[in-house]
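Report on the structure given below.
If you read the sequence from its start, that first residue is 1, and numbering goes on from there.
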Amino acid sequence: HVHLAESGGGSVQAGGSLRLSCTASGYDYASFCMGWYRQAPGKEREGVATIDGDEETRPSYADSVKGRFTISRDAAKNTVYLEMYTLKPEDTAMYYCAAEFGLYCTPGFLASNMDSWGNGTLVTISS
């Protein structure tokens, strides 16, 4: 059974930081593309960051988070992280971890590219 579990969400003031974690179980995610997506109330799910599998670890970021967010992975722990800095109220959303069953992430951040999803962790940024 493939399972992704997010943690680390919470409420912080604008300008603050958070680190999200996503731990995979049931399969070795080290060779897969991993990504973070978010969905704000009333909006569609959007891609935030992705990272290729194995030693490629090539990250990609949505323009809205470039320079503020960092995605990384620890293969030994089957865990991917999203470090978020200089948070803004518009970053408020449910954040989801996802996996695409391939070594390289398909460009474009389409949610339909991803094959497995976690249940999400809520991030709330107050002004």
If hydrophobic clusters are built from ILVMFWY residues whose side chains come within less than 4.5 Å, do [X] and [Y] share one?
{"X": "Phe109", "Y": "Val65", "answer": "no"}
{"X": "Trp36", "Y": "Met94", "answer": "no"}
{"X": "Phe32", "Y": "Leu20", "answer": "yes"}
{"X": "Tyr85", "Y": "Val48", "answer": "no"}

Between Thr79 and Thr23, is a side chain to side chain donor-acceptor pair (under 3.5 Å) present by the stated rule, with each step listed?
CA-CA 4 Å; Thr79 299; Thr23 300; 3.2 Å; yes
Is the shortest side-chain heavy-atom distance between Arg38 and Leu82 below 4.5 Å?
no
Could you tell me which non-hydrogen atom of [X] sits nearest to which non-hydrogen atom of [Y], and how far apart they are?
{"X": "Gly9", "Y": "Thr121", "answer": "N-OG1, 3.1 Å"}
{"X": "Cys33", "Y": "Met114", "answer": "SG-CE, 4.3 Å"}
{"X": "Trp117", "Y": "Arg45", "answer": "CE3-NH1, 3.3 Å"}
{"X": "Phe69", "Y": "Tyr61", "answer": "O-CE2, 3.2 Å"}
{"X": "Ala93", "Y": "Ala40", "answer": "CB-N, 3.8 Å"}
{"X": "Ser116", "Y": "Leu4", "answer": "O-CD1, 3.6 Å"}

What is the distance from atom [atom1] of [X] to atom [atom2] of [Y], rounded to the nearest 0.5 Å?
{"X": "Cys22", "Y": "Lys77", "atom1": "SG", "atom2": "NZ", "value": "14.0 Å"}
{"X": "Leu122", "Y": "Thr92", "atom1": "CG", "atom2": "OG1", "value": "8.0 Å"}
{"X": "Asn119", "Y": "Tyr96", "atom1": "CG", "atom2": "OH", "value": "8.0 Å"}
{"X": "Leu18", "Y": "Ser11", "atom1": "CG", "atom2": "OG", "value": "8.5 Å"}

If the test is side chain to side chain contact (heavy atoms under 4.5 Å, CB included), which one of Glu6, Gln39, Met84 qualifies with Tyr95?
Met84
Scan Ile71, Val80, Asp52, Thr50 and name whichever one has a side chain to side chain contact (heavy atoms under 4.5 Å, CB included) with Met34.
Val80
Salt bridge check, Asp91 against Lys88: does any charged N sit closer than 4.0 Å to a carboxylate O?
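Looking at Lys88 and Asp91, the cut-off is not met.
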Do the numbers put Arg19 on top of the ring of Tyr81, so that NZ or CZ is under 6.0 Å from the six-membered ring centre and no more than 45° off the axis?
yes
